[in-house]
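Only a predicted model underlies this, so the values are computations on that prediction, with no experimental measurement involved. Any value given below was found using the heavy atoms of this structure, including those in side chains, with hydrogens, waters and symmetry copies removed.
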Amino acid sequence: MSRRTQAGSRDLFDAPIPGDVLSALGKLGIEIVGEDSENWRIPCPAHLARKGKEDRNPSCYVHKDTGVFLCFSCDFRGPFVRLAEEIRGEGEDDAVQWVSDQGVIDRAVRLLAGETYARKREAEEEVTESHLALFTDPPAKALAAKRVSPEAARRFEILWDPRRKYWIFPVRDEHGRLLGWQEKSKGHFKNHPQGMQKGDSLFGLQALEGDEGVLVESPIDTAVLWTNGIAGGLAAYGAILTPRQFNILSGRLSRLVDAHDNDGDGKRERRKVYDHFLGTGLIVRYFDYGDLAAKDPGEMTAEQTRAAYDSAYHPMMRRLATYGRR
């Protein structure tokens, strides 16, 4: 009989892995709503039971190779068989049999051979510095629309695809090696190559000086901050930080101003950042959006951005100050 973890799911080494995780998700009727280099993002199937409402802002991630999943919102997690059990509703033995019918042996052989999804994509689409020669400096009009100075764009190596009019954000690991790039425009977003490990670094890391950082979600906001006189911008390429990104922050910084987006996801993730570093010696303060309706620094004036940075606060100190006024 397979071992059980304290969380109630099967031991990860015992649980069968479907031969093709993406195909298995499709057979279970699970919609793919996004992806990164290592994971598929899906609506959490246990959200209604756990939270009392449907998952309308999915943050449940399924690893492309192992099928292990985690919902960052309701903490539903485990090996793929638990996901199958939740969807099929026929119990654990049924789920194990169903997953075992999805080409488990072939998948095990490929994993033992090291043929992971990300590694396969990397081998197929290796990039070099010469690829960046296809791009140019962003035009003055595009920079002005984003409130970014040419100096800030050069500092953060922000480029432009003149043919398709896309912003280009090179992605480098912590040692400066080019992994690929993100291309963005209104209504368009794409990582190149598809298997890029952007979670291995933070945008702006090569421009970092000193031991204080300002964490944002979008790469362009690092240049917005710099244009407004605020150094240390680091972008996580989204709201959720990977374990590797947490490690990089702890190894490089002693102080961090968290400027996650001013929305529900951003507020939830900044709390996770604060909790992660609590007691580690790295001091985390929150960028003070106040009563502004702005979603991120890119939607703020220079004066508002500077004021929000200067007023960055320690959440515990603010709670104590509020309590003292009662």
Side-chain angles (χ1 to χ4, degrees), residues 34 36 57 59 135-162 164-172 181-191 198 201-208 212-241 245 249 256-271 273 284-313:
D36 59 27
N57 191 16
S59 59
F135 309 124
T136 66
D137 291 334
K141 186 176 180 180
L143 289 171
K146 293 292 188 180
R147 301 175 182 173
V148 170
S149 70
E151 294 78 15
R154 286 193 292 271
R155 182 175 183 83
F156 289 93
E157 199 185 4
I158 296 172
L159 300 172
W160 182 260
D161 183 334
R164 297 180 296 172
K165 295 180 171 55
Y166 290 161
W167 291 94
I168 301 296
F169 301 100
V171 178
R172 298 183 181 277
W181 61 85
Q182 285 190 343
E183 55 184 38
K184 287 186 175 183
S185 68
K186 187 175 182 179
H188 174 81
F189 169 86
K190 185 178 180 181
N191 291 324
K198 66 182 186 296
S201 188
L202 294 153
F203 186 82
L205 193 61
Q206 280 68 47
L208 181 66
E212 179 176 275
V214 184
L215 182 64
V216 293
E217 295 186 25
S218 175
I220 195 68
D221 286 336
T222 62
V224 170
L225 292 171
W226 179 267
T227 301
N228 294 329
I230 302 170
L234 298 168
Y237 307 103
I240 300 174
L241 273 70
Q245 288 171 329
L249 290 174
L256 176 67
V257 174
D258 193 316
H260 263 92
D261 284 2
N262 187 30
D263 56 19
D265 282 346
K267 291 175 181 177
R268 181 183 68 241
E269 294 307 318
R270 75 178 185 182
R271 177 56 189 267
V273 172
V284 177
R285 293 176 295 144
Y286 290 169
F287 193 74
D288 190 3
Y289 287 100
D291 296 328
L292 295 175
K295 180 176 71 71
D296 55 40
E299 295 186 357
M300 302 165 70
T301 66
E303 293 76 16
Q304 289 171 336
T305 306
R306 188 72 210 187
Y309 172 78
D310 290 340
S311 301
Y313 60 93

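Between the CG atom in D137 and the CD1 atom in I168 there is a gap of 13.0 Å [rounded to 0.5 Å]. Going from atom CG of D161 over to atom CH2 of W181 covers 9.5 Å, rounded to the nearest 0.5 Å. Note that CD1 of I240 and CG of D265 are 7.5 Å apart. Values are rounded to the nearest 0.5 Å. Atom CG of D258 and atom OH of Y286 lie 7.0 Å apart (nearest 0.5 Å). Atoms OH and NZ, from Y289 and K295 in turn, are 8.0 Å apart once rounded to the nearest 0.5 Å. Taking CZ from R268 and CG from D263, the interatomic distance works out to 9.0 Å, rounded to the nearest 0.5 Å.
A donor-acceptor pair is defined here as one N or O able to donate and one able to accept, closer than 3.5 Å; no such pair exists between the side chain of R147 and the backbone of A302.
F156 has its side chain out of reach of P219: every pair of non-hydrogen atoms, C-beta onward, lies at least 4.5 Å apart. Contact of the E269 side chain with the E217 side chain is not registered, since no non-hydrogen atoms from C-beta on lie closer than 4.5 Å. Side-chain contact between L143 and P150 is present, with at least one heavy-atom pair separated by less than 4.5 Å. A 4.5 Å side-chain heavy-atom check between N262 and K267 finds at least one atom pair inside the cut-off.
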Q | Test side chain to side chain contact (heavy atoms under 4.5 Å, CB included) applied to Q206 and R172, step by step | A | CA-CA 8 Å; Q206 280 68 47; R172 298 183 181 277; 3.8 Å; yes
**Q.** Worked check of side chain to side chain contact (heavy atoms under 4.5 Å, CB included) between L234 and T222
**A.** CA-CA 6 Å; L234 298 168; T222 62; 5.6 Å; no
Q: Could you give me the CA-CA distance, side-chain angles and deciding distance for L202 and Q245, then say whether side chain to side chain contact (heavy atoms under 4.5 Å, CB included) is met?
A: CA-CA 7 Å; L202 294 153; Q245 288 171 329; 3.9 Å; yes
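Paired with H260 under the rule side-chain contact (heavy atoms from CB on, under 4.5 Å), one option of L215, V216, D296 passes, and it is L215.
The two residues A294 and M300 have their closest heavy-atom pair at CB-CG, 3.4 Å. The minimum heavy-atom distance between V171 and Q182, with the atom names listed, is CG2-N, 4.2 Å. Contact between V224 and P297 at its shortest, heavy atoms only, is CG1-O, 3.7 Å. Nearest heavy atoms, L241 versus A236: CD1-CB, 3.9 Å. For the pair S201 and Y237, the tightest heavy-atom approach, listed with the atom from each and the gap, is O-CE1, 3.9 Å. Minimum interatomic distance between V273 and L256 (heavy atoms only, all atoms of both residues): CG1-CD2, 3.9 Å.
Note: F169 and F203 have perpendicular aromatic rings, judged against thresholds of 30 and 60 degrees for the angle between ring planes. Taking the six-membered ring where the residue is Trp, Y166 and H188 present parallel rings, their angle staying beneath 30° rather than reaching 60°.
Surrounding NZ of K184 are more than 12 heavy atoms belonging to other residues, nucleotides or ligands, all under 6.0 Å away.
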